[in-house]
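Reading through the structure tokens given below for one structure.
Every chain is numbered from 1, with letters handed out A, B, ... down the list of sequences.
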Amino acid sequence: MTTFALVDCNNFYASCERVFDPSLEHRPLIVLSNNDGCVVARSNEAKALGIGMAQPVFELRDLIRNRGVVVRSSNYTLYDDMSRRVFSTVQSFFPELESYSIDEAFLDLDGIASGDLLESVATMRKAVLQYTGIPVSIGIGPTKTLAKVANHLAKQDRTGSGVTRLGTGADDESTLASVDVGDVWGIGPRWKQTLATHGIHTALDLRRADDRWIQTRLNVVGLRTVHELRGIPAFTLEQAPPPRQTIMRSRSFAKPIETWDELARALASFTSRAAEKLRDQHSTAGVLTVSMATDRYRTDQPRYANHATARLPAPVNDTPTLIRHALAAGQRIWKEGFHFKKAGVQLTAIESSQPEQLQLFDPLDPGTSNRVMHVMDHINRTMGTGTLRSAAMGTGEAWITRRQHHSPRYTTCWDELVEATANTNRGAS
DNA sequence: TCTGGGGTCCTAGGACCC
DNA sequence: TCTGGGGTCCTAGGACCC
């Protein structure tokens, strides 16, 4: 029988900020979403103040001022790099790893003697903290869902061990009875509501639910969760994630956009980033969708939201072709006289680019185009994002994202390394 | 006047995740 | 003044085919 572990970084973005700025320890700290819009990470002190996940930051103005809450814009360059460091440390102890999100990884602990298991996991946890500065919690169980539940309990663990195991003893039922059904992985707010009408309130209730009722009222996804709670695995470890089927780049604008020229530059920029992502995973896209919308929260201005889909004559992954289609599609739905607050580009009908697609009607020889993109990607990777860019993106970026509380890219940028001062006090008393 | 049934593909919408 | 962004999977229903 397989044993899974879930390693989850505690308050990940907040912890990353603290590693390089220890003055943030023991203080309420929040990290904001793009555009400094709402809260995406909170230190324990911030949670204790009642600051909610995804809470809009303008609602917190008084709290921030009166309670000394420290605010940071999100710094994904730093978080991505820290994530890589944490996982590679974990993997040096347990090679069978699935990186599930930026701050979580599942492990397969098969082959580790049950008696040594808690000890080796605790050793790994200590090493991660020592090597990266990031505290992690670890849940262990016979299925991914039970490992998730165990992880949830490990986070609340007051003993400080940070490791919890489920699925071994008679305590399981009373433990599961203490877990709210909404805290089970896969049960969101709507399903929690549905379950409540049937008297299902805890993880234990859900484990004991009737299969047929679950499949009818939820669906097979819900049924899988129930089986997993019983210790019957429905999910396996996915060490090599399949390529994405959808690639999307969208942003809210710091200032509303009112001209087509500006919106076109934004669309070109989104398309360019999506295309890079596409080439990263060696894919092509056959369908491109452009969307634009005015501010959905403003009732005092005319509202408009629309999207346009372009089916490409042949699947491609080169930036100029994709931009051309994006701008043509955007122009079809563009309307003068609105204040656009958000736009995006989505790539679908994604296929592998190997073997090479032949493009009968493409004016540009695919070989030439591929070489140009290859060079462009290489330069941008080694010399910095945006070093080489498509002319359609322009240089102004009037729509640029607001990031007023940004921390340095300590680990990936020579100009932003952390500075240490050694105070030797030579000659002093 | 009678008016089947099964299969596939696609899309939109809804649920979930971090 | 101020409300994120990027994904997955499943289901129902319509179009179309034989």
Side-chain angles (χ1 to χ4, degrees), chain A residues 6-13 30-42 51-62 64 71 73-74 76 79-80 83 98-106 144-145 148 151-152 181-195 214-225 228 234-235 238 241-256 270 273-274 277-278 281 286-287 289 291 293-301 307 309 311 339 341-350 401-405:
Chain A
L6 177 67
V7 182
D8 189 322
C9 302
N10 300 348
N11 312 328
F12 182 53
Y13 300 166
I30 57 176
V31 179
L32 306 183
S33 64
N34 272 310
N35 242 2
D36 290 346
C38 50
V39 176
V40 294
R42 306 156 293 159
I51 296 174
M53 186 64 178
Q55 196 171 359
V57 71
F58 71 85
E59 291 177 5
L60 299 169
R61 220 177 24 190
D62 291 344
I64 289 168
V71 178
S73 303
S74 40
Y76 289 105
Y79 309 152
D80 281 338
S83 170
E98 168 190 347
S99 87
Y100 173 69
S101 74
I102 192 166
D103 67 336
E104 284 172 69
F106 284 104
K144 283 182 163 183
T145 302
K148 269 273 196 186
N151 187 276
H152 176 75
V181 74
D183 289 330
V184 173
W185 188 42
I187 305 299
R190 297 304 298 268
W191 285 3
K192 177 178 156 73
Q193 228 181 332
T194 303
L195 292 167
I214 292 292
Q215 174 145 17
T216 316
R217 299 303 301 270
L218 312 183
N219 54 33
V220 297
V221 178
L223 188 58
R224 272 179 217 144
T225 297
E228 286 242 320
F235 307 115
E238 308 268 353
R244 302 259 175 243
Q245 297 171 38
T246 305
I247 292 172
M248 189 165 162
R249 285 297 175 268
S250 71
R251 281 290 177 279
S252 295
F253 306 129
K255 275 186 291 186
F270 300 152
R273 288 185 216 160
K277 207 72 201 161
L278 192 63
Q281 64 168 32
V287 171
T289 302
S291 61
T294 57
D295 192 337
R296 63 193 163 122
Y297 294 103
R298 292 202 49 172
T299 48
D300 59 327
Q301 289 179 349
H307 60 94
T309 295
R311 287 187 164 65
H339 301 274
K341 181 65 180 168
K342 188 177 178 177
V345 170
Q346 183 178 321
L347 302 177
T348 47
I350 287 174
T401 298
R402 190 179 312 134
R403 292 192 305 189
Q404 284 179 343
H405 314 278

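In terms of phosphate contacts, A:Lys341 brings a side-chain nitrogen or oxygen within less than 4.0 Å of OP1 or OP2 of C:dT3. Residue A:Arg224 places none of its side-chain N or O atoms closer than 4.0 Å to OP1 or OP2 of B:dC16. Phosphate contact (OP1/OP2 of C:dG6, side-chain N/O of A:Arg251, threshold under 4.0 Å): present. Side-chain N/O atoms of A:Arg190 include none lying less than 4.0 angstrom from OP1 or OP2 on B:dG13. Phosphate proximity of C:dG5 to A:Lys342: present, with a side-chain N or O under 4.0 Å from OP1 or OP2. Under 4.0 angstrom from either OP1 or OP2 of C:dT3 there lies no side-chain N or O belonging to A:Ser33. Between A:Ser252 and the phosphate of C:dG5, there is a side-chain N or O to OP1/OP2 separation shorter than 4.0 Å. OP1 or OP2 of C:dG6 sits under 4.0 Å from a side-chain N or O of A:Ser250.
Residue-level contact check: A:Arg403 touches neither bases nor backbone, having no heavy atom under 4.0 Å from any strand. Within 4.0 Å (heavy atoms only), A:Ile102 reaches no atom of the nucleic acid at all. Using a 4.0 Å heavy-atom criterion, one finds that A:Gln245 contacts the sugar-phosphate atoms exclusively.
Residues A:Lys277 and A:Ile247 share a closest heavy-atom pair of CB-CG2, 3.9 Å. Residues A:Glu228 and A:Ala234 come closest through the heavy atom pair OE2-N, 2.7 Å.
Nearest-nucleotide positions on DNA chain C place A:Cys38 closer to the 5' end than the other of A:Cys38 and A:Arg244. Take the nearest nucleotide of DNA chain C for A:Tyr76 and for A:Leu218: the residue whose nucleotide is more 5' is A:Tyr76.
For A:Thr246 and A:Thr348, the side-chain atoms include no donor-acceptor pair closer than 3.5 Å.
Using cut-offs of 30° and 60° for the angle between ring planes, the A:Phe270 and A:Phe253 rings count as parallel.
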